[in-house]
Every structure is written in structure tokens, then in C-alpha cells.
Amino acid sequence: MSLSTARSFLSEACYGEQELDANSALMELDKGLRSGKLGEQCEAVVLFPKLFQKYPFPILINSAFLKLADIFRLGNNFLRLCVLKVTQQSEKHLEKILNVDEFVKRVFSVIHSNDPVARAITLRMLGSLASIIPERKNAHHSIRQSLDSHDNVEVEAAIFAAASFSAQSKDFAAGICNKVSEMIQGLDTPVELKLKLIPMLQHMHHEASLASSSRELLQHLVNSYPSTPMVIVTLHTFTQLAASSLIDIPKQLQLLLQYLKDDPRKAVKRLAINDLKLLAKKAPHLWIRENTQTLCECALTSPYNSLKLGMLAVLSTLSGTIAIKQYFNNMPGTSSVPLRLTDLVKLAQECCYHSNLAVAAHGIIVLSNIAISCPEKDIVQLEQDTVLGVESLLMLCSQDNSPSAQATLKTALTSLVKLLKSRPHLSQSAVDFLLGQLHLSCDSSRVLMCHALAAIATHLPVLGDGMLGDLVDLYRVASQSSTDKQQELLVSLATVIFVASQSSLSAEVKTVIKQQLENVANGWTVYRIARQASRMGCHEFSSELYQSLRTRVASEHFYFWLNSLKEFSQAEQCLSHVEDGDYSGAMTAIAEALRSYQKGIASLTAASTPLSPLTFQCEFIKLRIDTLQALSQLICTCNSLKTSPPPAIATTIALTSGNDLQRCGRIAMQMKVCMDEFRSLAARYADLHQSSFDADYATLRNVELQQQSCLLVSHVIEALILDPQAASFQEYGTVGSVQTESEYERRMMSVFSHVLEEAEGLTKKHPPVSCLHTGCLCDAVIALLKVPLSFQRYFFQKLQSTSIKLALSPSPRTPSEPIPVQNSQQLTLKVEGVVQHGSTPGLFRKIQSVCLNVTSVLQSKTGPDFKIPLDTKTNEIEQRVEPHNDYFSTQFLLNFSILGTHTVTVEASVVDESGIEWKTGPKTTVSVKSLEDPYSQQLRHQLQQSAAQPAPQRGAYTRF
């Protein structure tokens with residue numbers, strides 16, 4: 001395999017490859033490093049980050065970095081520079097170097113070179129390694145010496161290294177602080193060098209005394225060196241130091257506001273604004289009213305749009321935090337100053353109509369945040385001003401296709417949706433305005449407005465009917481070409497129509513959408529619209545779209561995927577025809593739905609591939625099938641009361657046996673089976689929820705609702721029939737008052753509340769069991785079936801991808817060979833792991849710690865007593881470890897005192913920032929063979945031999 005082969009292997013970077021391939025690639029890169037040609041050596045060096053990405057475990061990374069250290073020691077400056085860049089790119093892997101001493105020793109040897117450039121590269125290398133060698137005294141000494149060098153390149157490298165070590169080491173920061181202060185204040189230090197030395201002071205926050213002395217020095221520099229570059233660098237270092245030490249933030253706010261107000265230089269004002277924004281994000285609770293007031297006054301008096309924009313950006317950041325409440329609550333003479341006469345509101349109202357679109361957008365953000373968070377008094381006028389400001393900005397931007405206008409439009413619509421959630425009474429007029437504006441806007445603006453209308457209709461479904469006519473009229477004329485924006489518009493408009501229709505599309509609406517799709521839509525657009533229809537519960541329409549798409553794909557896996565979606569939509573469509581009170585019709589509908597679901601699950605299994613196993617989709621559909629079967633069985637059980645009622649002597653039997661359930665007859669045991677089945681389904685839904693770490697919030701809420709529906713049915717069975725006295729409805733009392741986020745959730749919560757009310761009323765009036773009780777249960781089943789199932793985003797699309805890769809040591813030579821261990825000794829099992837992310841890590845939730853569970857089970861026993869004991873678990877240990885730079889490592893001490901073959905299972909789960917545990921896997925197993933230690937074996941053999949020898953017999957000659 002040549003170097004080009006190694007490059008192609010690494011570029012494909014598939015995590016499913018065997019480790020042997022990665023080792024082979026390392027060997028090929030090593031050949032490149034030992035090549036006599038400089039070009040091949042450089043090419044081999046720059047391929048190392050891909051190798052680290054492909055196999056991020058310490059054993060390989062340690063070997064690779066030692067090879068790079070050799071190249072750094074023996075190569076020329078260009079190769080050293082390449083190794084430095086690789087080290088900086090691979091910063092997260094540095095802590096996996098096992099032989100740190102050897103690695104640093106090879107790198108550090110170059111510091112004694114006569115070449116100042118080589119020394120400079122070595123210093124930068126040491127600075128890049130500061131996270132793993134923060135307390136190396138020889139490195140500290142070399143950096144201190146190099147600061148006195150006469151070579152500028154070496155001094156700059158020493159400054160970089162000193163800054164890196166100061167951030168990591170408290171001792172180094174305390175030791176270098178005085179030297180840096182002397183150099184900064186020294187008359188022989190050039191100004192350019194001072195500008196590079198000053199930022200080092202931002203790391204002097206390890207101790208209060210150190211931070212205080214650094215702050216005094218910076219204050220002295222600000223007063224002594226008024227030149228623009230010096231003031232800018234010093235003020236920014238001041239801010240960084242205050243943000244790290246926290247206690248000096250109020251003083252820093254006053255200093256920055258003073259420079260913003262009094263300093264005439266635009267560059268200094270701009271720097272002050274950027275630093276104020278940093279502090280607004282870092283500590284908004286430390287902004288007192290006087291700080292915010294000063295910023296408002298500066299913004300009102302500033303003649304420059306760029307500076308006004310910056311100050312408004314700071315205020316818009318503050319307006320969404322506690323600082324806005326502090327501004328209005330701490331006003332002097334609160335009773336005499338109306339809300340709209342304060343400087344902040346005046347500024348926001350003035351900026352809403354500013355000619356600069358970015359300024360206007362920030363004005364809208366500030367005004368809407370004030371309207372949302374401020375007290376009710378004086379709020380009516382402010383609400384009207386906010387809505388008028390948004391509408392004027394929408395009219396201005398909706399016909400402009402430029403990126404700045406579209407960004408402003410998006411900001412204005414986001415603020416409007418946020419305001420309407422808080423103030424619903426403003427929604428009708430806002431929706432009418434948006435619908436009117438849709439006809440006059442450009443395509444990109446229409447897409448954004450459709451998103452806003454969908455968000456409003458989701459939270460206020462009552463507005464949906466009023467939107468539908470205008471939206472359908474617009475859809476008729478929406479698209480005349482197949483450009484990307486036109487396709488996006490078709491999807492967005494269809495989404496709003498689905499939301500407004502509330503999962504009941506009329507024939508006219510379907511015809512209009514289909515005509516447009518046939519005329520100009522491509523296959524991907526049709527699929528996206530079908531996907532949205534499945535999410536909104538419009539299953540009849542989505543089924544038709546999936547049917548039309550099946551034969552337009554190039555892969556058989558895609559064909560099976562679309563075919564499965566079509567079958568699922570048809571199955572849900574069968575359930576939509578269920579009528580109240582028609583129990584036999586409900587059973588027929590469930591049977592038809594199950595037929596389609598079984599076809600769909602077969603297609604879905606065929607659509608899965610090793611790279612895309614569709615685990616969540618298969619498990620979700622299996623649970624849906626089992627839920628429908630359980631609901632059908634419940635209806636059958638309820639009907640059995642008519643065919644097999646309780647016998648006439650049921651009451652006597654109940655009194656005799658002391659079991660009150662006997663009075664209900666045969667149906668009681670059947671109901672108990674049904675209740676257990678629904679509880680089992682709820683537990684399986686909980687397991688699915690717990691294994692879906694990467695799912696979005698709507699999908700998880702959907703799984704929760706399915707789980708709650710199963711728990712509801714089991715609870716109603718118990719309350720109506722099995723144990724009416726013990727059943728309590730108190731814990732379910734607040735179900736209807738929960739804030740809902742979607743139409744599907746709203747309808748499900750409504751069904752839950754209705755079923756609970758009916759069951760509670762029936763329990764109080766009638767003893768079990770009668771046709772009223774079974775009728776109530778059947779009505780509950782039909783009510784649940786009539787809510788169209790919503791297939792949420794995670795069923796179609798995975799926005800966040802997180803996986804864990806484990807490596808165990810010791811590991812067997814071959815997978816089938818067990819690891820030998822003596823029964824008198826303990827096995828140290830080392831578990832290493834790497835967290836692998838997709839393109840958007842931490843989009844929904846982040847990993848805080850990894851929970852490792854190790855269990856060992858005795859599989860077969862050797863020796864005379866070959867029977868396996870009842871409790872075959874010989875070890876069970878759990879540990880939590882926090883990953884650092886996506887890597888974690890821990891060790892377990894396992895005892896195998898029982899001779900035989902044991903299976904050790906290591907299972908990983910993750911804990912997110914909220915403390916919730918998620919069963920993400922993976923699960924790894926390894927076989928261990930417990931052998932008898934030689935001394936015990938020898939002792940046992942001696943005992944056996946002595947027992948086997950026969951005792952000597954006394955004969956006639958024995959006595960002589």
C-alpha cells in the first residue's frame with residue numbers, strides 16, 4: 001500500500017473499519033516519514049490528523065506522536081512547522097499521549113539549537129503542549145530566557161508560549177507577571193512588542209492579588225499611553241481579565257461606558273461597544289440601571305449609524321435578560337414617569353423606523369422584549385407601537401431580495417411570533433396583515449412569512465380556518481418555474497395549509513396542491529411535502545404522494561423506504577374512518593391497519609442498511625403495531641361481557657373466596673391481562689424514549705404521549721373494573737392544563753382529559769361490572785384511534801448524531817478466544833471510549849458524563865462440581881466518568897474465583913446536562929476463562945493421589 005493508498009483510506013474515514021486497517025495506514029505513513037524525499041515526508045505529516053480522527057485511541061495516537069517528535073527533532077524547519085500545525089490541529093488528542101516525558105524530551109532537544117527559527121518553532125510547540133505539561137520547569141525556564149532574546153521571531157514565539165502556559169499554570173502566571181510588567185513598562189521595549197505583551201495579562205486571574213496587580217498595571221497603561229492602538233489593546237485585555245475574575249465587572253462596565261461617552265475616536269468607541277456586548281452576554285445581572293441609561297443616552301446622541309447599531313446590539317442582548325427588569329423596577333420616581341417616556345423606549349421607537357435596516361431590526365427586538373417582559377400598566381400603547389413597527393419593517397423588506405433585507409425580515413418575524421405567544425389578543429390583526437402582504441412579496445420573503453404563519457397557527461389553531469382561503473388562492477399562482485426558492489415556497493405554503501387544515505384536507509385543497517406539484521415540483525419537493533403531511537396527520541394525502549414517488553428513485557433501499565411510508569400512511573388512514581360507538585367497525589379498521597403496518601414493517605426492514613439501520617423507526621412501528629393489537633384485544637374483552645356475563649352465583653363465590661373480583665366473572669382475569677399488556681407497552685415506550693438521545697424535542701414528546709396513552713388505558717381499566725376503591729384520579733388532574741406545542745399534542749391531551757372525566761364519573765355512580773364500564777373503555781379506545789398519529793422529524797431526519805466507541809484491554813488475540821486469568825488473581829479491565837459526533841454536535845442535548853456498567857456471567861463451569869449456581873452474576877460494577885475532549889478512560893477490578901468461562905459485558909449509557917440518563921449503548925462483550933492457579937492445582941493433585949493409594953494389608957510376613 002503506497003502513501004496515496006493510505007491517503008485514500010484516510011479520506012474515506014468510515015468508523016466501521018477494522019483497527020488493523022488503521023495500523024496499516026500508520027505503517028504506510030511511517031514509511032513516508034522515513035522517505036528521503038522532503039515532499040513525501042511533508043505529505044505523510046499532514047495526513048496524521050485524519051488518522052487521529054479515524055482511530056482516536058491512545059495506543060495509536062501515542063505511537064504517532066512519538067514518530068512526529070522524531071521528525072521534529074531530526075528534520076528541517078519546514079518539517080518542524082508541519083509537525084507544529086498538526087499538533088495544533090490535534091489539540092483534543094494531546095492528553096491521549098501516554099509517554100509524555102519521552103515526547104517532550106524529543107521536542108525539547110531542539111530548544112538548544114543555534115538556529116533562532118528552530119528555537120521559535122520549538123517554543124510555539126511547547127506552547128501548544130501547555131495543556132499536558134503545564135508545570136514543566138525546564139519549559140518555563142526556556143520561555144523566560146527567550147523573552148530576553150534579540151531575535152524578534154523568537155521573542156514573539158516566547159510571548160505565544162508564555163500566554164499559553166499562563167492560561168494553564170498558576171505558578172507560571174505568578175512567576176512571569178513581574179517580568180512581563182517590567183518589559184511593558186521598560187523604555188527600551190518597542191511599542192509593537194508592548195502591544196503583543198499586554199494581552200498576556202488577561203490570563204493573570206488565578207489569584208485575587210495577581211488579578212488586582214494586573215488591573216493596576218492596565219489602568220496605568222491606559223492613562224500613560226493614550227495612542228489608539230495601545231488604548232484598544234489595553235481596554236480589551238482589561239475586559240477579558242474582568243470577565244475571567246468576575247469581581248471587577250461593574251468597574252469595567254463603568255470604564256467602558258466612560259470611554260464610549262467621552263472618547264471621540266470611533267475605533268475606541270467600537271472596541272468599547274464590542275466589549276460591552278461581551279459583558280452583556282457574560283453577566284447581564286451585573287448591569288445596573290445607570291449602566292443601561294448611559295448606553296441609551298450615548299445611542300440617542302450618536303450621529304454614526306455604525307456605532308448606533310453596535311449600541312443597539314448590546315441593548316437587544318440585554319433586553320432579553322434580567323437587566324431589562326432592573327432598568328424599569330429601579331427607576332427614580334417610578335410613579336411619575338410613564339413607561340413610554342423612558343429613554344430606552346424612546347430609543348427603540350425611534351430606531352424601529354430607521355433607514356438602516358439592521359438598526360431597525362434591533363429596535364424591534366428591544367421594543368418587543370420590553371412589551372413581553374414589562375408589567376401590564378402602560379402596556380397597551382407599547383404593544384400597538386411594537387406591532388406598527390414590525391408591520392412597517394415587513395412592508396419595507398418583503399419586496400427586497402437582498403441578504404440584509406431577508407435577515408432583517410427574519411428578525412422582525414421572529415420578534416412578532418414571540419410577542420404573539422405572550423399577547424394572543426394581537427394575533428388576528430397580525431395574521432391578516434401577513435396574509436395580505438404574502439401576495440405582494442418576493443419568493444424568499446414569502447417562505448419566511450409562511451414559517452411565521454405556521455408558528456402562529458400552531459399556537460392558536462382557531463386562526464387556521466381564516467388563513468385557508470388566502471393560502472389556497474396563493475398556492476394556485478405560487479409557482480411558475482422550478483427554481484430553488486419556488487420549490488421552497490411550495491413546501492412552506494403546503495406546511496401552513498396542513499397546519500391550518502388541522503389534519504382534515506378538503507378535496508379542493510388536495511387538487512390544487514397536486515396540480516402545482518405535477519406542473520413544476522421536483523421529486524425532492526414532493527417528498528418534503530409528503531413528509532410534512534405525515535407530521536401533521538394528513539395521511540390520505542401523504543399516502544398518495546408516497547405512491548407517486550416510489551418508482552422515481554434510483555436505489556432499491558429508497559424504494560422500500562417510500563413503500564413503507566406509503567403503507568404506514570394507508571394504515572393510519574384506515575383508522576381515521578372510525579365512528580363513535582361503532583365497536584365492530586373499530587375492530588375492522590384496526591385489522592386493516594395492522595395488515596398495512598405488517599406490509600410496511602417488512603419494507604422498512606428491507607430499507608435498512610448497515611450504515612443506516614433505521615433502529616428508531618423499526619422499534620416505533622413495532623410498538624404502534626403492538627398497541628393497536630392491544631386496543632383490539634381490549635374491545636374483544638369488553639364484548640365478552642355480553643357473550644359470557646358473570647354467573648348468577650358470582651356474588652356468593654366472591655364472598656366465599658374473599659376475592660371481590662370474582663363478582664365480575666371471567667372478564668376480570670381478561671382485563672387484568674389487558675392491563676398488564678398496556679403497562680408493558682408503556683415500559684417499552686419509555687425504553688424507546690430513553691434510547692433516543694439524538695431525537696428532537698417534538699419526537700420525544702410524541703413518544704411520551706404514546707406512553708401516556710398506554711398508561712391511561714391501564715389506569716382506566718384498574719379504576720373501572722379491577723380496583724375502583726384504590727384508584728385515584730388526583731395525579732391526573734392537571735393533564736388538561738399543560739402548555740401544548742402542537743395540534744397532535746393538543747388533541748391527545750383533550751382525549752386524556754375527556755376519558756379521565758368519564759371514568760371518574762362512572763366510578764362514583766356504578767359498581768363494576770356493567771355494560772356502562774365496558775362501553776366507557778371502548779369509547780376511550782375509539783377516542784384514541786380518532787387522533788391521527790403524527791410521524792415527527794426524527795422518524796425521517798436525524799439532525800444530531802452522537803455515538804460512543806469502546807475499546808477494552810486486555811483484548812483476546814482472536815474474537816472467539818477467551819482471556820485467561822487465574823482464579824486467585826483479579827483481572828484489571830481497562831475501558832477506553834471516544835464520543836463521536838455528526839455535523840451539529842450538541843444541537844438538542846450534550847453529554848455531561850458516561851455511565852459504564854460492567855457485569856460478568858458464568859457460562860460454563862469446569863471441575864468436578866460442574867453445576868452452575870443459580871446466581872450466575874459474578875461481578876456487577878458501575879462507574880461514571882466525564883469525557884474530556886470527547887475521550888474517557890477508566891478501570892474495573894473483576895474477580896473470577898469460580899472456575900469456568902465467564903462472559904463480561906460492558907454497556908455504556910450517557911448522562912446529559914440535566915442529569916437524565918440515556919441508554920445509547922454500545923454493548924461490548926468479551927470472554928474470560930478462569931483457570932486454577934498452579935499451586936492449588938498441585939495441592940489438589942497430591943490430595944487426589946494420596947486418596948487413591950490403597951492402605952497396606954497386614955499379612956503373615958508383615959510382623960518380621
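Every value quoted in this text rests on a predicted model; they were computed, and no experiment measured them. Here, residue 1 is the first one in the sequence, and each next residue gets the next number.
- Using cut-offs of 30° and 60° for the angle between ring planes, the Phe620 and Phe791 rings count as perpendicular.
- For CD1 of Ile59, the number of neighbouring non-hydrogen atoms (other residues, nucleotides, ligands) closer than 6.0 Å is 12 at most.
- Minimum heavy-atom separation, Ala695 to Arg845: O-NH1, 2.8 Å.
- Between Trp918 and Phe693, the ring-plane angle classifies as perpendicular under the 30° and 60° cut-offs.
- No donor-acceptor pair under 3.5 Å is formed between the side chain of Ser35 and the backbone N or O of Lys31.
- Here the shortest heavy-atom pairing between Ser569 and Tyr546 reads OG-CE1, 3.6 Å.
- Checking side-chain atoms of Asp912 against main-chain N and O of Ser914 turns up a donor-acceptor pair under 3.5 Å.
- A distance-only check finds a donor-acceptor pair linking the side chain of Gln800 to the backbone of Phe844 [under 3.5 Å].
- Side chain of Arg550 to main chain of Tyr559: no donor-acceptor pair is present (N/O by atom type, distance under 3.5 Å, no hydrogens or angles).
- Thr905 places none of its side-chain heavy atoms less than 4.5 Å from the side chain of Val857.
- Put simply, the side chain of Gln41 gets close to the backbone of Leu33: a donor and an acceptor are under 3.5 Å apart.
- A ring-centre distance under 6.0 Å is found for Phe52 and Phe65.
- Remark: the backbone N or O of Leu98 is paired with a side-chain donor or acceptor of Asn62 at under 3.5 angstrom.
- Counting only heavy atoms from C-beta outward, the side chains of Ser564 and Ile601 never approach each other to under 4.5 Å.
- Counted by atom type alone, His884 and Glu95 present one or more donor-acceptor pairs between their side chains at under 3.5 Å.
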Notebook entry, point to check: Should Thr802 and Asp694 be marked as a side chain to side chain donor-acceptor pair (under 3.5 Å) after you check the CA-CA gap, both sets of side-chain angles, and the distance that decides it?
Noted result: CA-CA 7 Å; Thr802 311; Asp694 293 319; 2.8 Å; yes
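- A 6.0 Å sphere centred on CD of Glu91 holds no more than 12 heavy atoms belonging to other residues, nucleotides or ligands.
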